[in-house]
Amino acid sequence: MCIEDYVPAKIEELCSKGGISRYQLSSRTGISQSALSDIVKKKNVPTLVTIERICTAFGITIAQFFTQGECIPDLSAEQKELLLLWDGLKLEEKEIVKTFMKSIKK
């Protein structure tokens, strides 16, 4: 799949999995709704900075953004399992998990 098709599809997938709208993504990234719409409609290819802002909003790395399915490099089986579980959480659930992990780390 070429980058012009992959990026819009990945953004739609992340929004769907995270349970957020493009409006919410716009608010979280500072990227205008029209710019996001142009990316999703394949009218514009985002810069790396834009992709990084989108990744930050979803709590993922750029490497995770471009990784598909089970292909997570250089991680133990346990780490892969945790990342796959993490990917299935909504943004609010991710915040709860992060808060919990910070509290038990102390």
Side-chain angles (χ1 to χ4, degrees):
M1 180 181 296
C2 67
I3 193 79
E4 294 89 353
D5 294 329
Y6 179 83
V7 171
K10 188 68 172 188
I11 292 170
E12 289 293 316
E13 174 191 333
L14 291 169
C15 283
S16 177
K17 281 184 179 179
I20 69 166
S21 66
R22 279 194 236 153
Y23 171 78
Q24 291 168 312
L25 182 58
S26 173
S27 296
R28 292 175 185 189
T29 60
I31 300 167
S32 71
Q33 288 183 45
S34 61
L36 282 173
S37 181
D38 286 348
I39 293 167
V40 172
K41 291 178 181 177
K42 303 176 190 176
K43 292 181 180 179
N44 190 6
V45 177
T47 65
L48 189 55
V49 172
T50 299
I51 292 173
E52 184 176 36
R53 288 165 68 184
I54 291 167
C55 290
T56 299
F58 286 110
I60 62 173
T61 65
I62 292 175
Q64 290 170 316
F65 184 87
F66 287 105
T67 301
Q68 295 179 339
E70 302 274 337
C71 182
I72 303 171
D74 300 325
L75 298 175
S76 70
E78 187 177 47
Q79 290 170 323
K80 288 179 185 180
E81 179 185 8
L82 289 172
L83 281 176
L84 291 172
L85 289 169
W86 177 263
D87 285 343
L89 297 176
K90 293 183 179 182
L91 289 173
E92 297 80 19
E93 294 168 333
K94 288 179 181 181
E95 289 302 318
I96 293 168
V97 170
K98 286 194 296 189
T99 301
F100 173 72
M101 291 179 75
K102 288 176 184 176
S103 73
I104 63 172
K105 186 177 176 184
K106 294 180 181 179

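No experiment lies behind these values; they were computed from the predicted model shown.
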Please assess L85 against E81 for the test side-chain contact (heavy atoms from CB on, under 4.5 Å), listing each intermediate value before the final yes or no.
CA-CA 6 Å; L85 289 169; E81 179 185 8; 4.2 Å; yes
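Of the listed residues (V45, N44, I39), just one forms a side-chain contact (heavy atoms from CB on, under 4.5 Å) with E4, and that residue is V45.
Checked by atom type, the side-chain pair S37/S34 shows no donor-acceptor distance below 3.5 Å.
No side-chain donor-acceptor contact under 3.5 Å links S16 to the backbone of E12.
Following chains of ILVMFWY side-chain contacts shorter than 4.5 Å, one can reach L48 starting from I31, so the two form part of one hydrophobic cluster. F66 and I11 fall within the same hydrophobic cluster, defined by Ile, Leu, Val, Met, Phe, Trp and Tyr side-chain heavy atoms under 4.5 Å apart, directly or through other members. Cluster membership for L82 and L14, using ILVMFWY side-chain heavy atoms within less than 4.5 angstrom, is not shared.
Residues A57 and T29 approach most closely at CB-CG2, 3.6 Å, considering heavy atoms. Minimum interatomic distance between S26 and S32 (heavy atoms only, all atoms of both residues): OG-C, 3.7 Å. The heavy-atom pair separating P8 from K42 by the smallest distance is CG-CG, 3.8 Å.
Ring geometry for Y6 versus F65: interplanar angle over 60°, hence perpendicular rather than tilted (30 to 60°).
Under the side-chain contact (heavy atoms from CB on, under 4.5 Å) criterion, V97 pairs with W86, L89, M101, not counting sequence neighbours. Here K102 pairs with nothing under the side-chain contact (heavy atoms from CB on, under 4.5 Å) rule; sequence neighbours left out. A search for side-chain contact (heavy atoms from CB on, under 4.5 Å) contacts involving K90 returns E92, E93, not counting sequence neighbours.
Using a 4.5 Å heavy-atom cutoff, the side chains of L25 and F58 are in contact. Within the 4.5 Å cutoff, the side chain of I54 has no heavy atoms near those of the V7 side chain. Contact annotation: the side chain of Q64 never approaches that of C55 to less than 4.5 Å [non-hydrogen atoms, C-beta and beyond].
The CD1 atom of I51 lies 12.0 Å from the NZ atom of K10; values are rounded to the nearest 0.5 Å.
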